[in-house]
Amino acid sequence: LLFDDPGRDAPVAILDWQLAIRGRGVLDVARLLGGSLASPDRSACEMAALQRWHRTLEAGGVTGYSFEQALQDYKR
């Protein structure tokens with residue numbers, strides 16, 4: 001984690017070099033949620049987190065990757 005001035009638009013940046021492989025980006029979401037949260041906590045927030053991740057992709061210009069496909073990839 002890199003920290004900047006709290007008054008900036010993005011005061012925290014995340015660099016992830018833990019696993020350098022080629023694959024679907026949703027694998028990062030699955031590893032984060034599956035490896036960081038107890039099952040009841042994950043169940044309470046995983047759909048909202050996945051939907052937010054997907055909306056962020058779309059806002060960044062990603063097209064042709066539906067939420068349904070992202071969900072299927074996440075489950076895989």
Side-chain angles (χ1 to χ4, degrees):
L1 297 175
L2 301 175
F3 298 94
D4 199 356
D5 179 0
R8 305 228 357 179
D9 288 340
V12 178
I14 299 171
L15 304 177
D16 177 8
W17 293 305
Q18 179 180 0
L19 185 61
I21 62 170
R22 185 178 199 146
R24 302 247 179 216
V26 76
L27 175 61
D28 290 333
V29 178
R31 288 180 53 88
L32 175 67
L33 295 177
S36 302
L37 298 171
S39 186
D41 296 329
R42 185 181 66 248
S43 295
C45 72
E46 70 183 330
M47 281 301 112
L50 190 58
Q51 289 169 337
R52 183 173 182 171
W53 172 80
H54 187 262
R55 283 193 308 270
T56 302
L57 288 181
E58 292 180 325
V62 172
T63 61
Y65 188 55
S66 69
F67 178 75
E68 290 75 20
Q69 182 64 51
L71 182 59
Q72 185 178 23
D73 292 341
Y74 175 78
K75 289 178 179 181
R76 195 175 302 131

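Just so we're clear, the structure is a prediction, and the values are computed from it rather than from any experiment. The analysis underlying the following values was restricted to heavy atoms, covering all of them including side chains, and did not include hydrogens, waters or symmetry mates.
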Open item on the list: Donor-acceptor check, side chain of H54 to backbone of E68, threshold 3.5 angstrom: yes or no?
Closed with: no
To the closest 0.5 Å, what do you measure between [atom1] ([X]) and [atom2] ([Y])?
X   : Y   : atom1 : atom2 : result
E46 : Y74 : CD    : OH    : 3.5 Å
Q72 : F67 : CD    : CZ    : 12.0 Å
L71 : R76 : CG    : CZ    : 10.5 Å
L37 : L32 : CG    : CG    : 7.0 Å

TODO: Group every Ile, Leu, Val, Met, Phe, Trp and Tyr by side-chain heavy-atom contacts under 4.5 Å, then state whether Y65 and L27 land in the same group.
DONE: no
Open item on the list: Applying a strict under-4.5 Å side-chain criterion to I, L, V, M, F, W and Y, I'd like to know whether V26 and M47 cluster together.
Closed with: yes
Task: More than 12 heavy atoms from other groups under 6.0 Å of CG on L2 - done: yes
TODO: Answer yes or no: is there a side-chain heavy-atom contact under 4.5 Å between L33 and W53?
DONE: no
Task: Set of side-chain hydrogen bond (donor to acceptor under 3.5 Å, both in side chains) partners for R52, sequence neighbours left out - done: none
- [ ] Salt-bridge test for D28 and R31: reply yes if a basic N is under 4.0 Å from a carboxylate O, no otherwise.
- [x] no
